[in-house]
Amino acid sequence: MTSQQVGEHRPSDGAPGTAAPEMNGESEEQGYQRGLGARQIQMIAIGGAIGTGLFLGAGKSITKAGPSVILAYALAGLVIYAIMRALGELLMYRPVSGSFSTYAREFLGPYWGFVTGWTYWLFWVITGITEVTAAATYMQHWWPSIPQWVSALVFTLILYGANLISVKLFGELEFWFSAVKVTAIIGMILIGLGVITLGFSDAGPTASFTHLWADGGFFPNGVGGTLMTLQIVMFSFLAVELVGVTAGESVDPEKNLPRAIKTVPWRIALFYIGSLIIILSVVSWTVFEPGTSPFVAAFQKIGLPFGAGIVNFVVLTAALSSCNSGMYSTGRMLRDLALNGQGPKMFTKLTRNGLPLVGTSFSVALMMVGVWINYEWPSEAFDLVVSFATISGMWAWAMILCSQLVYRAKSDRGELPVSSFRAPGAPWTSWIALAFIAMVVVLMGFDAESRVSLYGAPVWAAILTVSYFVIKARNPETFTKTSA
């Protein structure tokens, strides 16, 4: 996303303040065609809570932790809410789109803003690979004879074409994608409740809430098994921070952003915890397998006509929707970095209808690595890219929290205006969230599949550090500009 000012700063008393200065001489729109209405933004915000991490990744989490995965999602959900409230406090201090690198640059220094911007771009590239891998996996449900890499290639090309459309049509497509996901989750919960309480379908005679503790207990693999699922659980919540980014581009961020963030707890409670309680009660956790959507597996056990196929279509839609959003975001983030002098100038170019074609094309070219991964390691593809996505996404969360801690300290001292949407419990909640993220990173080191990303992270950090000092040496003014 761009790092341009999208709204006026308003002091905590609600009185209008002066508009923040434009950055690098660019206009607020930067040449983009703003076409996302309030209806689209709200549905995208709600749908952002439902993705591949829940639909596909939950299968592996369930096999590792059993019913206690519900507790893992609940704990992670509390941390996510703390992160979102920290982000909300920053955005109400000064609402900007693409806030992660902007706030890191302002409160932590230019180096951290540079690293955060490029790492968040990498996160979306890897997420695109993850989602297209998941989509290719879902296709195996209908056509197992089609190689997984072929499906990944076709989906990547189709979504790339879709990103050549106007922003308004993109928003409309995402609105309906999100509507499908939200409707499906609610429908699955209601059907599951009917199976448990009324006993209809093939799973009716055995469906019971006792599955949550009867099949080996709530912690069948011990507390350690539950802790080892946190990496996948945290991956499920990645991109929830885009709620703030999207709301920041609305015409009324002071109204829309707090409303969107306040819905985070009930969205987590309904879409994650509620749905997992239901499917783990419909059938025993021992039925599920890694690499298979637990929702598809549950409906296969229920035996409803075409039920599993419908659910598979829904989860396929969710994966393609996320990948589509990733392609859209990467192009805009590359252009933001380029406008700030932190990326190649060619990424600043827009098409006649306001699309960052060069940046999007470059990102999609890198996403094609996912096709090769699906060709070489089709069975391990999802797990390989999940760990890389998780570590890069959690970096953005850590930068949000660190930036909020510095801002809160300055605002408490009267050096900066107090935000109108202060995070409750801060700064303690921010410190706890940072400790939780650190714990997840440590736990990733104990998992052979996740450990790969820990090997790659220092390499990426070294590349960014060298790039930072090279750019700074060639153009010192690049890192002396401020967005404040």
Side-chain angles (χ1 to χ4, degrees), residues 3 7 9-14 17 20 72 74-96 98-117 119-120 230 233-234 237-245 247-248 253-254 257-265 267-268 390-443 482-484:
S3 64
H9 166 68
R10 300 185 187 279
S12 57
D13 59 16
L75 291 175
L78 291 174
V79 172
I80 293 301
Y81 184 55
I83 294 171
M84 291 303 298
R85 288 305 302 255
L87 175 59
E89 180 171 330
L90 290 168
L91 281 167
M92 287 302 94
Y93 148 69
R94 188 167 58 84
V96 291
S99 55
F100 318 114
S101 60
T102 302
Y103 296 133
R105 187 162 52 241
E106 177 178 353
F107 295 112
L108 305 177
Y111 171 79
W112 300 104
F114 176 80
V115 171
T116 300
T119 300
Y120 198 64
L230 287 177
V233 170
M234 293 297 279
F237 292 114
L238 291 178
V240 70
E241 71 282 345
L242 278 179
V243 173
V245 176
E254 288 85 355
L257 180 60
R259 179 184 300 173
I261 291 178
K262 287 178 180 178
T263 64
V264 168
R267 283 190 277 128
I268 292 174
T390 302
I391 196 71
S392 56
M394 288 195 298
W395 174 267
W397 291 343
M399 291 299 99
I400 291 171
L401 293 167
C402 290
S403 298
Q404 186 263 347
L405 285 169
V406 175
Y407 163 71
R408 171 62 74 91
K410 289 188 174 183
S411 64
D412 287 346
R413 293 195 299 266
E415 299 175 12
L416 291 173
V418 176
S419 173
S420 60
F421 191 57
R422 286 165 66 89
W428 299 108
T429 51
S430 296
W431 284 114
I432 293 172
L434 280 171
F436 189 89
I437 291 173
M439 180 185 68
V440 174
V441 173
V442 172
L443 290 173
T482 178
S483 58

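All of these numbers come straight from a predicted model, not from anything done at the bench. Values below: every heavy atom of this structure, side chains too, minus hydrogens, waters and symmetry copies. Numbers here are sequence positions counted from 1.
Note: Leu416 CG to Arg94 CZ = 10.0 Å, rounded to the nearest 0.5 Å. The CD1 atom of Ile261 lies 12.0 Å from the CD1 atom of Ile83; values are rounded to the nearest 0.5 Å. Taken from CG in Leu78 to CD1 in Ile432, the straight-line distance is 10.0 Å, to the nearest 0.5 Å. Residue Glu106 holds its CD atom at 8.5 Å from CG of Leu90, rounded to the nearest 0.5 Å. Atom CZ of Phe237 and atom OH of Tyr81 lie 14.0 Å apart (nearest 0.5 Å).
Listed for the Tyr407 side chain is no donor-acceptor partner under 3.5 Å among the backbone atoms of Tyr103.
The salt bridge (Lys or Arg N to Asp or Glu O under 4.0 Å) analysis of residues 416-433, with sequence neighbours excluded, yields the pairs Asp412-Arg422.
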With a 3.5 Å cut-off and sequence neighbours excluded, list the donor-acceptor pairs that the side chains of residues 396-406 form with protein atoms.
{"unit_1": "Trp397", "atom_1": "NE1", "unit_2": "Glu241", "atom_2": "OE1", "d": "2.9"}
{"unit_1": "Ser403", "atom_1": "OG", "unit_2": "Met399", "atom_2": "O", "d": "2.8"}
{"unit_1": "Gln404", "atom_1": "OE1", "unit_2": "Ser430", "atom_2": "OG", "d": "2.6"}
{"unit_1": "Gln404", "atom_1": "NE2", "unit_2": "Glu89", "atom_2": "OE1", "d": "3.2"}

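When every heavy atom of Ala423 is checked against every heavy atom of Arg408, the shortest pair comes out as O-NH2, 3.1 Å. When all heavy atoms are compared, the tightest approach of Leu230 to Ala72 is CD2-CB, 4.1 Å.
Evaluation of the side-chain contact (heavy atoms from CB on, under 4.5 Å) rule for Thr429 yields Ala82, Ala426 as partners, not counting sequence neighbours. Not a single side-chain hydrogen bond (donor to acceptor under 3.5 Å, both in side chains) links Ser411 to another residue, sequence neighbours left out. For the ring pair (Phe, Tyr, Trp, His ring centres under 6.0 Å) test, no residue two or more places apart in sequence or in another chain qualifies with Phe421.
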Take Ile268 and Val264 through the test side-chain contact (heavy atoms from CB on, under 4.5 Å) and record every step on the way to the result.
CA-CA 6 Å; Ile268 292 174; Val264 168; 3.7 Å; yes
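Taking the side chain as every heavy atom from C-beta outward, Tyr93 and Pro417 approach each other to under 4.5 Å.
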